[in-house]
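Notes follow the structure.
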There are 2 protein chains.
Amino acid sequence: MNEDATDAVLAAIQFDAQGLVPAIAQQQDTGEVLMLAWMNREAVTETLATGRVCYFSRSRNGLWRKGETSGQVQHLRELRVDCDGDTLLLLVEQQGVACHTGRRSCFFRAVRDGALVEIAAPLVSPEQLYGAGHTHG
Amino acid sequence: MNEDATDAVLAAIQFDAQGLVPAIAQQQDTGEVLMLAWMNREAVTETLATGRVCYFSRSRNGLWRKGETSGQVQHLRELRVDCDGDTLLLLVEQQGVACHTGRRSCFFRAVRDGALVEIAAPLVSPEQLYGAGHTHG
(Lines give C-alpha, C1' and ligand atoms only; values in the text may rest on other atoms or scores of the structure.)
Protein backbone atom coordinates (compact mmCIF):
# COMPACT_ATOMS: atom_id res chain seq x y z
CA MET A 1 0.00 0.00 0.00
CA ASN A 2 1.45 3.37 -0.93
CA GLU A 3 1.45 6.24 1.54
CA ASP A 4 -0.94 8.35 -0.52
CA ALA A 5 -3.70 5.75 -0.24
CA THR A 6 -3.14 5.41 3.49
CA ASP A 7 -3.26 9.19 3.91
CA ALA A 8 -6.48 9.35 1.87
CA VAL A 9 -8.09 6.66 4.01
CA LEU A 10 -7.01 8.27 7.27
CA ALA A 11 -8.32 11.63 6.06
CA ALA A 12 -11.69 10.06 5.16
CA ILE A 13 -12.18 8.45 8.58
CA GLN A 14 -14.05 10.25 11.34
CA PHE A 15 -12.42 8.76 14.43
CA ASP A 16 -14.52 9.05 17.59
CA ALA A 17 -13.60 10.88 20.81
CA GLN A 18 -11.42 7.90 21.81
CA GLY A 19 -9.65 7.97 18.45
CA LEU A 20 -11.39 4.78 17.30
CA VAL A 21 -13.57 3.66 14.41
CA PRO A 22 -15.63 0.45 14.24
CA ALA A 23 -14.54 -2.05 11.57
CA ILE A 24 -16.74 -4.85 10.26
CA ALA A 25 -14.92 -7.94 8.99
CA GLN A 26 -16.71 -9.80 6.19
CA GLN A 27 -15.46 -12.97 4.51
CA GLN A 28 -14.74 -11.79 0.98
CA ASP A 29 -16.28 -14.65 -1.03
CA THR A 30 -19.18 -15.93 1.07
CA GLY A 31 -20.25 -12.53 2.40
CA GLU A 32 -20.45 -13.88 5.94
CA VAL A 33 -20.14 -11.15 8.57
CA LEU A 34 -17.47 -12.47 10.91
CA MET A 35 -17.02 -9.86 13.63
CA LEU A 36 -16.85 -6.20 14.54
CA ALA A 37 -13.85 -4.69 16.27
CA TRP A 38 -12.22 -1.27 16.57
CA MET A 39 -9.27 0.43 14.93
CA ASN A 40 -7.21 3.51 15.72
CA ARG A 41 -5.01 5.38 13.21
CA GLU A 42 -2.09 3.09 13.91
CA ALA A 43 -4.15 -0.07 13.37
CA VAL A 44 -5.49 1.23 10.04
CA THR A 45 -1.99 2.20 8.92
CA GLU A 46 -0.49 -1.16 9.89
CA THR A 47 -3.33 -3.12 8.28
CA LEU A 48 -2.90 -1.30 4.96
CA ALA A 49 0.87 -1.67 5.12
CA THR A 50 0.98 -5.37 5.94
CA GLY A 51 -2.26 -6.72 4.46
CA ARG A 52 -2.92 -8.50 7.74
CA VAL A 53 -5.73 -7.08 9.83
CA CYS A 54 -4.69 -5.31 13.02
CA TYR A 55 -7.32 -3.94 15.41
CA PHE A 56 -7.13 -1.88 18.57
CA SER A 57 -8.17 -3.84 21.65
CA ARG A 58 -10.18 -1.62 23.97
CA SER A 59 -9.91 -4.14 26.81
CA ARG A 60 -6.13 -4.47 26.51
CA ASN A 61 -5.64 -0.85 25.38
CA GLY A 62 -3.22 -1.76 22.62
CA LEU A 63 -2.82 -3.02 19.08
CA TRP A 64 -4.38 -6.42 18.48
CA ARG A 65 -2.83 -8.26 15.57
CA LYS A 66 -5.64 -10.66 14.81
CA GLY A 67 -4.39 -14.21 14.94
CA GLU A 68 -1.10 -13.39 16.64
CA THR A 69 -1.87 -15.80 19.48
CA SER A 70 -4.45 -18.07 17.88
CA GLY A 71 -3.08 -18.29 14.35
CA GLN A 72 -6.52 -17.26 13.02
CA VAL A 73 -5.19 -14.49 10.80
CA GLN A 74 -7.33 -12.19 8.65
CA HIS A 75 -5.82 -11.31 5.28
CA LEU A 76 -7.16 -8.02 3.96
CA ARG A 77 -8.63 -8.16 0.47
CA GLU A 78 -10.27 -4.72 0.38
CA LEU A 79 -10.91 -1.86 2.79
CA ARG A 80 -14.07 0.21 2.37
CA VAL A 81 -15.17 3.44 4.07
CA ASP A 82 -18.81 4.38 4.59
CA CYS A 83 -20.58 7.59 3.55
CA ASP A 84 -19.94 9.41 6.82
CA GLY A 85 -16.46 7.98 7.31
CA ASP A 86 -17.38 6.60 10.72
CA THR A 87 -17.37 2.88 9.92
CA LEU A 88 -15.00 0.62 7.98
CA LEU A 89 -15.84 -2.57 6.11
CA LEU A 90 -12.96 -5.02 5.74
CA LEU A 91 -13.29 -7.71 3.10
CA VAL A 92 -11.04 -10.44 4.41
CA GLU A 93 -9.86 -13.96 3.89
CA GLN A 94 -10.35 -15.45 7.33
CA GLN A 95 -7.90 -18.20 8.19
CA GLY A 96 -9.75 -20.67 10.44
CA VAL A 97 -12.29 -19.09 12.76
CA ALA A 98 -12.94 -15.45 13.64
CA CYS A 99 -14.53 -15.92 17.07
CA HIS A 100 -12.60 -16.54 20.27
CA THR A 101 -15.22 -19.17 21.15
CA GLY A 102 -13.98 -21.26 18.21
CA ARG A 103 -16.89 -20.43 15.95
CA ARG A 104 -16.45 -19.18 12.43
CA SER A 105 -18.45 -15.97 13.11
CA CYS A 106 -19.03 -14.05 16.33
CA PHE A 107 -22.72 -13.69 15.43
CA PHE A 108 -23.80 -17.18 16.48
CA ARG A 109 -26.85 -16.23 18.55
CA ALA A 110 -30.12 -15.43 16.80
CA VAL A 111 -33.73 -14.78 17.66
CA ARG A 112 -35.69 -17.70 16.23
CA ASP A 113 -39.16 -18.90 17.16
CA GLY A 114 -39.39 -16.38 19.95
CA ALA A 115 -36.14 -17.25 21.70
CA LEU A 116 -32.46 -16.33 21.55
CA VAL A 117 -30.70 -19.52 20.42
CA GLU A 118 -27.25 -20.62 19.32
CA ILE A 119 -27.15 -21.27 15.57
CA ALA A 120 -23.52 -22.38 15.18
CA ALA A 121 -21.26 -24.71 17.12
CA PRO A 122 -17.53 -24.24 17.79
CA LEU A 123 -15.29 -25.71 15.09
CA VAL A 124 -12.30 -25.77 17.41
CA SER A 125 -12.02 -25.45 21.16
CA PRO A 126 -10.70 -22.26 22.77
CA GLU A 127 -8.00 -24.40 24.38
CA GLN A 128 -6.81 -25.47 20.93
CA LEU A 129 -6.75 -21.80 19.87
CA TYR A 130 -5.08 -20.27 22.87
CA GLY A 131 -3.82 -23.01 25.14
CA ALA A 132 -4.53 -22.47 28.84
CA GLY A 133 -4.93 -18.98 30.22
CA HIS A 134 -5.90 -17.00 27.12
CA THR A 135 -9.33 -15.90 26.03
CA HIS A 136 -8.78 -13.71 22.98
CA GLY A 137 -6.44 -13.21 20.06
CA MET B 1 -42.18 -11.03 18.87
CA ASN B 2 -43.05 -12.21 22.36
CA GLU B 3 -41.81 -10.35 25.40
CA ASP B 4 -39.62 -13.23 26.58
CA ALA B 5 -37.51 -13.07 23.43
CA THR B 6 -37.17 -9.31 23.70
CA ASP B 7 -36.14 -9.63 27.34
CA ALA B 8 -33.58 -12.30 26.43
CA VAL B 9 -32.09 -10.11 23.70
CA LEU B 10 -31.94 -7.04 25.92
CA ALA B 11 -30.28 -9.10 28.67
CA ALA B 12 -27.68 -10.39 26.21
CA ILE B 13 -26.70 -6.93 24.95
CA GLN B 14 -23.85 -5.00 26.55
CA PHE B 15 -24.92 -1.42 25.93
CA ASP B 16 -22.08 1.11 26.07
CA ALA B 17 -21.75 4.05 28.45
CA GLN B 18 -24.20 6.02 26.30
CA GLY B 19 -26.72 3.17 26.38
CA LEU B 20 -26.04 2.28 22.74
CA VAL B 21 -24.95 -0.76 20.75
CA PRO B 22 -23.74 -0.80 17.11
CA ALA B 23 -25.99 -2.66 14.67
CA ILE B 24 -24.83 -3.89 11.25
CA ALA B 25 -27.55 -4.15 8.60
CA GLN B 26 -26.98 -6.89 6.02
CA GLN B 27 -29.25 -7.65 3.07
CA GLN B 28 -30.57 -11.11 3.93
CA ASP B 29 -30.22 -12.83 0.56
CA THR B 30 -27.24 -11.21 -1.15
CA GLY B 31 -25.17 -10.78 2.01
CA GLU B 32 -24.38 -7.18 1.10
CA VAL B 33 -23.42 -5.10 4.14
CA LEU B 34 -25.63 -2.03 3.84
CA MET B 35 -24.80 0.19 6.80
CA LEU B 36 -23.95 0.45 10.46
CA ALA B 37 -26.02 2.48 12.89
CA TRP B 38 -26.74 2.49 16.62
CA MET B 39 -29.57 1.24 18.80
CA ASN B 40 -30.65 1.88 22.36
CA ARG B 41 -32.95 -0.37 24.40
CA GLU B 42 -36.04 1.33 23.04
CA ALA B 43 -34.90 0.93 19.42
CA VAL B 44 -34.19 -2.78 19.92
CA THR B 45 -37.57 -3.27 21.58
CA GLU B 46 -39.46 -1.42 18.87
CA THR B 47 -37.60 -3.21 16.06
CA LEU B 48 -38.46 -6.63 17.51
CA ALA B 49 -42.06 -5.59 18.13
CA THR B 50 -42.76 -4.12 14.69
CA GLY B 51 -40.38 -6.00 12.39
CA ARG B 52 -39.29 -2.67 10.93
CA VAL B 53 -35.81 -1.52 11.85
CA CYS B 54 -35.61 1.44 14.21
CA TYR B 55 -32.23 2.91 15.15
CA PHE B 56 -31.17 5.62 17.57
CA SER B 57 -29.83 8.70 15.82
CA ARG B 58 -26.86 10.09 17.73
CA SER B 59 -26.94 13.34 15.73
CA ARG B 60 -30.66 13.91 16.35
CA ASN B 61 -30.62 12.27 19.79
CA GLY B 62 -33.80 10.33 19.19
CA LEU B 63 -35.34 7.24 17.64
CA TRP B 64 -34.75 6.94 13.91
CA ARG B 65 -37.35 4.83 12.16
CA LYS B 66 -35.40 3.91 9.06
CA GLY B 67 -37.33 4.96 5.97
CA GLU B 68 -39.82 7.15 7.82
CA THR B 69 -38.90 10.15 5.66
CA SER B 70 -37.35 8.47 2.63
CA GLY B 71 -39.57 5.42 2.32
CA GLN B 72 -36.46 3.23 2.27
CA VAL B 73 -37.67 0.89 5.00
CA GLN B 74 -35.71 -2.06 6.40
CA HIS B 75 -37.80 -5.14 7.20
CA LEU B 76 -36.15 -7.29 9.85
CA ARG B 77 -35.68 -10.93 8.91
CA GLU B 78 -33.41 -11.99 11.79
CA LEU B 79 -31.59 -10.35 14.67
CA ARG B 80 -28.27 -11.80 15.81
CA VAL B 81 -26.10 -10.99 18.83
CA ASP B 82 -22.33 -11.44 18.88
CA CYS B 83 -20.24 -13.41 21.37
CA ASP B 84 -19.61 -10.47 23.69
CA GLY B 85 -23.08 -8.98 23.26
CA ASP B 86 -21.65 -5.67 22.15
CA THR B 87 -22.66 -5.76 18.47
CA LEU B 88 -25.89 -6.70 16.67
CA LEU B 89 -26.25 -8.09 13.16
CA LEU B 90 -29.58 -7.37 11.49
CA LEU B 91 -30.52 -9.49 8.50
CA VAL B 92 -32.91 -7.25 6.61
CA GLU B 93 -34.91 -6.85 3.46
CA GLN B 94 -33.89 -3.38 2.33
CA GLN B 95 -36.56 -1.53 0.43
CA GLY B 96 -34.80 0.67 -2.13
CA VAL B 97 -31.47 2.07 -0.97
CA ALA B 98 -29.86 2.11 2.47
CA CYS B 99 -27.59 5.14 2.04
CA HIS B 100 -28.74 8.75 2.35
CA THR B 101 -26.61 9.50 -0.73
CA GLY B 102 -28.97 7.33 -2.79
CA ARG B 103 -26.61 4.38 -3.01
CA ARG B 104 -27.64 0.86 -2.15
CA SER B 105 -24.89 0.52 0.51
CA CYS B 106 -23.12 3.14 2.60
CA PHE B 107 -19.80 1.40 1.90
CA PHE B 108 -19.25 2.81 -1.58
CA ARG B 109 -15.65 3.97 -1.18
CA ALA B 110 -12.83 1.42 -1.45
CA VAL B 111 -9.07 1.34 -1.64
CA ARG B 112 -8.21 0.09 -5.12
CA ASP B 113 -4.95 0.45 -7.03
CA GLY B 114 -3.50 2.61 -4.32
CA ALA B 115 -6.31 5.16 -4.12
CA LEU B 116 -9.63 5.64 -2.33
CA VAL B 117 -12.25 5.52 -5.07
CA GLU B 118 -16.04 5.40 -5.38
CA ILE B 119 -17.21 1.95 -6.45
CA ALA B 120 -20.97 2.56 -6.65
CA ALA B 121 -23.11 5.33 -8.07
CA PRO B 122 -26.36 6.68 -6.60
CA LEU B 123 -29.47 4.84 -7.78
CA VAL B 124 -31.72 7.73 -6.79
CA SER B 125 -30.97 11.34 -5.94
CA PRO B 126 -31.11 12.58 -2.33
CA GLU B 127 -33.73 15.09 -3.52
CA GLN B 128 -35.95 12.22 -4.66
CA LEU B 129 -35.48 10.57 -1.29
CA TYR B 130 -35.96 13.53 0.99
CA GLY B 131 -37.16 16.50 -1.02
CA ALA B 132 -35.42 19.76 -0.23
CA GLY B 133 -33.93 20.37 3.18
CA HIS B 134 -33.40 16.84 4.47
CA THR B 135 -30.20 14.85 4.54
CA HIS B 136 -31.02 11.63 6.38
CA GLY B 137 -33.85 9.25 7.07
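We name chains A, B, ... by the order of the sequence lines, and we start the count at 1 in each one. Any value given below was found using the heavy atoms of this structure, including those in side chains, with hydrogens, waters and symmetry copies removed.
- By the 4.0 Å N-to-carboxylate-O rule, B:R58 lies close enough to A:D86 to be salt-bridged with it.
- Counting heavy atoms from C-beta on, the side chains of B:V33 and A:R80 never come closer than 4.5 Å.
- Across all non-hydrogen atoms, the minimal contact from A:G85 to B:R109 is N-NH2, 3.7 Å.
- Note on A:M39 and A:L91: separate hydrophobic clusters, where clusters join Ile, Leu, Val, Met, Phe, Trp and Tyr whose side-chain heavy atoms are under 4.5 Å apart, directly or indirectly.
- In B:D113, the CG atom is not crowded: 12 or fewer heavy atoms of neighbouring residues, nucleotides or ligands sit closer than 6.0 Å.
- With a 4.5 angstrom heavy-atom cutoff, A:D7 does not touch chain B via any of its atoms.
- Closest approach of A:L116 and B:A12 over heavy atoms only: CD2-CB, 3.7 Å.
- When the side chains of ILVMFWY residues are joined at heavy-atom separations under 4.5 Å, either directly or via intervening members, A:V81 and B:V111 end up in a single hydrophobic cluster.
- Looking at A:R112, the atoms closer than 4.5 Å to chain B (heavy atoms on both sides) all sit in the side chain, from C-beta outward.
- With a 4.5 angstrom heavy-atom cutoff, A:L89 touches chain B via backbone and side-chain atoms both.
- Grouping the Ile, Leu, Val, Met, Phe, Trp and Tyr side chains by contacts below 4.5 angstrom, directly or via other members, places A:F56 apart from A:L48.
- Interface check for chain B: of the options A:D4, A:V9, A:I24, the most heavy-atom pairs under 4.5 Å are formed by A:I24.
- Under the 4.5 Å side-chain heavy-atom criterion for grouping Ile, Leu, Val, Met, Phe, Trp and Tyr, A:V73 is not connected to A:V44 through any hydrophobic cluster.
- A:Y130 and A:L63 are assigned to two separate hydrophobic clusters, defined by single-linkage of ILVMFWY side chains at heavy-atom distances under 4.5 Å.
- The most heavy-atom pairs under 4.5 Å with chain A, out of B:A110, B:G31, B:S105, come from B:A110.
- Applying the side-chain contact (heavy atoms from CB on, under 4.5 Å) criterion to A:L123, with sequence neighbours excluded, gives A:V97, A:R104.
- Residue B:C83 comes nearest to A:T101 through the heavy atom pair CB-CG2, 4.3 Å, listed as atom of the first residue, atom of the second, then distance.
- A pairwise comparison of heavy atoms in B:H100 and A:D84 identifies CE1-OD1, 3.6 Å as the closest pair.
- Residues B:F107 and A:L88 approach most closely at CE2-C, 3.9 Å, considering heavy atoms.
- A heavy-atom distance below 4.5 Å is not found between the side chains of A:D82 and B:L36.
- Applying the salt bridge (Lys or Arg N to Asp or Glu O under 4.0 Å) test to pairs two or more places apart or on separate chains, those with a residue in residues 33-46 of chain B are B:E46-B:R65.
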